[in-house]
Amino acid sequence: MDVLPLLWLVPAFPLAGFLLLALFGLKMPARAIAWIGTTSIGLSAALTLWIGIQFLTQPPAGYQYAQTLWTWFDVNGFAPGIAFYLDPLSLVYIFVITFVSFFIHLYSTAFMRGDEGYVRFFAYMNLFVFSMLVLVLADNLLLLYLGWEGVGLCSFLLIGFWYRDEANGYAARKAFIVTRIGDTAFIIGLFLLVKQFHTLNIQDILHQAPGVWAVGGAAVVWATLLLLGGAVGKSAQLPLQTWLPDAMAGPTPVSALIHAATMVTAGVYLIARTHVLYSLAPAVQMLVAIIGVLTLLIAGFSALAQHDLKRILAYSTISQIGYMFLALGVGAWTAAIFHFMIHAFFKALLFLAAGAVIMAMEEEHDIFKMGGLRKKLPITFWTFLAGSGALAAIPLITAGFYSKDQILFDTLASTQGSTWLWLGGFVGAFITALYTFRMVYVTFYGEPKTEVGHNPEREKAMMIPLVVLAILSIGGGWIELPHAWGHFTPFSNFLTHTLPAVSLRPGMESQEMLLQVLTAVVVFVGIYLTWLGYLKKPAMVASWKQTPLGKACHSFLYRGWMFDQLYDTVLVKPVVWLSRIDQHDFVDYIYEGFGRLNAWVHAGLSRTQSGYLRWYLLCIAFGLLFIFSLILFV
């Protein structure tokens, strides 16, 4: 059976789940809500697997399949459609989105049990998954932008899910406003593209662009810069990275979904999808790499100073997306997508395991108030350790080693790479090992500082996703082995039907083993130093924090290099000040005048509603007298 025509059902199942829950969920029992919310994503994942098997065994012509459902609108020949496009890139994305989202939904059935917003939670989550699927399957940039804004809306709704807490509402508003900056750049870029090509069909633009734009031309530079602005905002990269740490205000499964399978990976997808345009703008493509390496270093150092378990993971996500941007910037397109997939596995695992820890600690987030949990929560500990090993890229035994080392090697070996970019990624690998195992040692080792309350390991719906994602975090990298390990690269070979292979400088393959050994050494050194500073000799770190320099560095990094304070001083306060002094300009007087006029008329008319029958009869009599007078004398 040819299942490719059923592609439209992949996003349709989550949409159907959302509609059922939104329209009828309030009358449903919790079991039915959980069943609909999870099964709709499970059906989408199963269909994706079926489609993927056919795509691999009986690939369509050109490894691409287009499906047009209907024409969205037609204005003077500009007729974008509700149409989907499946190729190796979008197939990898929908696989990750549906499968990881399914496990997050399954976990959520137990994690969110008893919450008064249970149905609202699953409705928003299903809409989130639907929007992301539309984004990656869209065959035109306008439909992609619809999905793009959909994930922005859902992130706002889910980050502020517990909206009765003012801080949660502020975090949701911050995420929405900051990402709107990037979205504004994105939409301007779409106007530029449609003006040039008279279409927003992605494949048409990519085919026409090399013949229309010269390499390094002003038009293509502006177009790619504007698209990059959208990607930077959505993927929380420098300088718009400030919203993501605060986004931890939402429920933990929301954090897992945003970081692993949906929103923050959208920017990586956009740049990879429009790679032809970036190849025509090499300066902008190099800017992508520079943004990536700066972001991964800034976020990594910030993670070193955090106390909140989820904020450490948030800064980790910013850093790992930075690695993906670094790979995109040096032309290592397939390496970026490989790391995206592996990152989705281990980051979803880490957030879900963190949620189990926080539940056991009665909503305590501070890692320095935990400790000794490896014996009390053994499943959570071992799965968290698997995810942490993948994040730190422990050699040979974790998937993160294969994906991150491929990026580092390509950064140095690519004809578009450089030693400085590689050095930044190399230092970032050391920092990652430091903050990752600082988190592991402080949370799970040492003496317990807080008693375990509820034991989440009794919940099979929470433990099954942890175990499955732990297996993927360990073994998921073996589908792509580096040159020094036999060059077994089916994943890259599959993606090269869509994305070009990285261009390496001659003779660099022979140095790959040396680079891997160097990376492995710094990872183990980082793990050892963390063990030394937080388990063996904790007084050493504590005493350094008490020095003036230590206090200053900790405060600076704890505040995320004070970007929020900078933006607050440079942007927010001036706008608020201007708003206050302009609060009573002549425009306000016009609207205030209309308001007062309506209030005066309302007051006059309300006096006629006295409740006295004799006054009503008198008014009717005068009214009739007035009407008869008009009839007789006018």
Side-chain angles (χ1 to χ4, degrees), residues 11 14-15 18 22 72 80 82 93-94 96-97 100-101 104 120-138 140-163 168-191 200 226-251 253-274 314 317-318 321 324-325 340 344 567:
L15 177 62
F18 162 72
W72 192 349
I82 303 297
Y93 259 85
I94 64 171
V96 170
I97 293 166
V100 173
S101 297
I104 294 172
R120 182 163 54 91
F121 174 84
F122 280 100
Y124 290 166
M125 292 280 277
N126 276 35
L127 183 61
F128 208 161
V129 176
F130 163 74
S131 299
M132 190 64 190
L133 288 170
V134 168
L135 190 159
V136 299
L137 285 173
N140 64 82
L141 287 169
L142 191 61
L143 184 60
L144 186 153
Y145 192 76
L146 178 67
W148 187 275
E149 290 301 310
V151 296
L153 169 64
C154 292
S155 68
F156 170 77
L157 295 173
L158 286 165
I159 292 169
F161 181 77
W162 290 315
Y163 56 86
N168 295 341
Y170 174 80
R173 188 169 69 248
K174 180 180 179 180
F176 193 78
I177 292 173
V178 172
T179 54
R180 292 288 76 69
I181 298 171
D183 294 357
T184 302
F186 187 9
I187 195 68
I188 295 172
L190 297 191
F191 282 121
L200 285 178
L226 290 166
L227 295 180
L228 176 59
V232 162
K234 200 65 79 179
S235 290
Q237 295 294 283
L238 191 71
L240 300 180
Q241 80 282 8
T242 57
W243 67 269
L244 193 57
D246 289 343
M248 299 304 96
V254 172
S255 303
L257 193 64
I258 290 175
H259 289 246
T262 54
M263 186 166 172
V264 296
T265 60
V268 177
Y269 175 81
L270 177 64
I271 295 176
R273 175 57 75 195
T274 57
T317 297
I318 298 172
I321 299 291
M324 298 176 209
F325 268 62
F340 149 74
Y567 294 157

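These values consider heavy atoms only, across backbone and side chains, with no hydrogens, waters or symmetry-generated copies. All residue numbers in this chain count up from 1 along the given sequence.
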Specify the closest pair of heavy atoms between [X] and [Y], including all atoms of both residues, with the distance to one decimal.
| X | Y | result |
| --- | --- | --- |
| Val151 | Met132 | CG1-N, 3.7 Å |
| Ala260 | Val96 | O-CG1, 4.3 Å |
| Ile159 | Val254 | N-CG1, 4.5 Å |
| Ile318 | Pro245 | CD1-CD, 3.9 Å |
| Asn168 | Ala249 | OD1-CB, 3.2 Å |
| Leu244 | Thr317 | CD2-CG2, 4.2 Å |

- Task: Starting from the C-alpha separation in whole Å, work towards a yes-or-no answer on side-chain contact (heavy atoms from CB on, under 4.5 Å) for Thr179 and Trp148.
- Result: CA-CA 11 Å; Thr179 54; Trp148 187 275; over 6 Å; no
Nearest-0.5 Å distance that lies between atom [atom1] in [X] and atom [atom2] in [Y]:
| X | Y | atom1 | atom2 | value |
| --- | --- | --- | --- | --- |
| Ile82 | Leu143 | CD1 | CG | 5.0 Å |
| Met263 | Ser235 | CE | OG | 9.0 Å |
| Tyr163 | Leu157 | OH | CG | 11.5 Å |
| Phe18 | Met125 | CZ | CE | 14.0 Å |
| Arg273 | Leu270 | CZ | CG | 10.0 Å |
| Leu135 | Leu146 | CG | CG | 9.5 Å |

Heavy atoms, side chains only, cut-off 4.5 Å: are [X] and [Y] in contact?
| X | Y | result |
| --- | --- | --- |
| Phe186 | Leu226 | no |
| Leu227 | Ile271 | no |
| Cys154 | Tyr124 | no |
| Tyr145 | Leu200 | no |
| Leu257 | Ser101 | yes |

- Message: If the condition is side chain to side chain contact (heavy atoms under 4.5 Å, CB included), which residues does Leu240 pass it with, not counting sequence neighbours?
- Response: Val178, Ile181, Val232
- Item | Contact list for residues 237-246, test salt bridge (charged side-chain N to carboxylate O under 4.0 Å, His left out), sequence neighbours left out | Lys174-Asp246, Asp246-Arg311
- Message: Suppose the criterion is salt bridge (charged side-chain N to carboxylate O under 4.0 Å, His left out): which pairs have a residue in residues 178-187, not counting sequence neighbours?
- Response: Glu149-Arg180, Arg180-Asp183, Asp183-Lys234
- Query: Of all residues at least two apart in sequence or in a different chain, which pass the side-chain hydrogen bond (donor to acceptor under 3.5 Å, both in side chains) check with Trp162?
  - Reply: Asp115
- Message: I'd like to know if the side chain of Trp243 reaches the main chain of Gly233, judged simply by a donor and an acceptor atom lying under 3.5 Å from each other, with no hydrogens or angles considered.
- Response: yes
- Task: Please identify each residue that fulfils ring pair (Phe, Tyr, Trp, His ring centres under 6.0 Å) with Tyr93, with sequence neighbours left out.
- Result: Tyr269, Phe340
- Residue set satisfying ring pair (Phe, Tyr, Trp, His ring centres under 6.0 Å) with Phe121, at least two apart, ordered chain then number -> Phe161
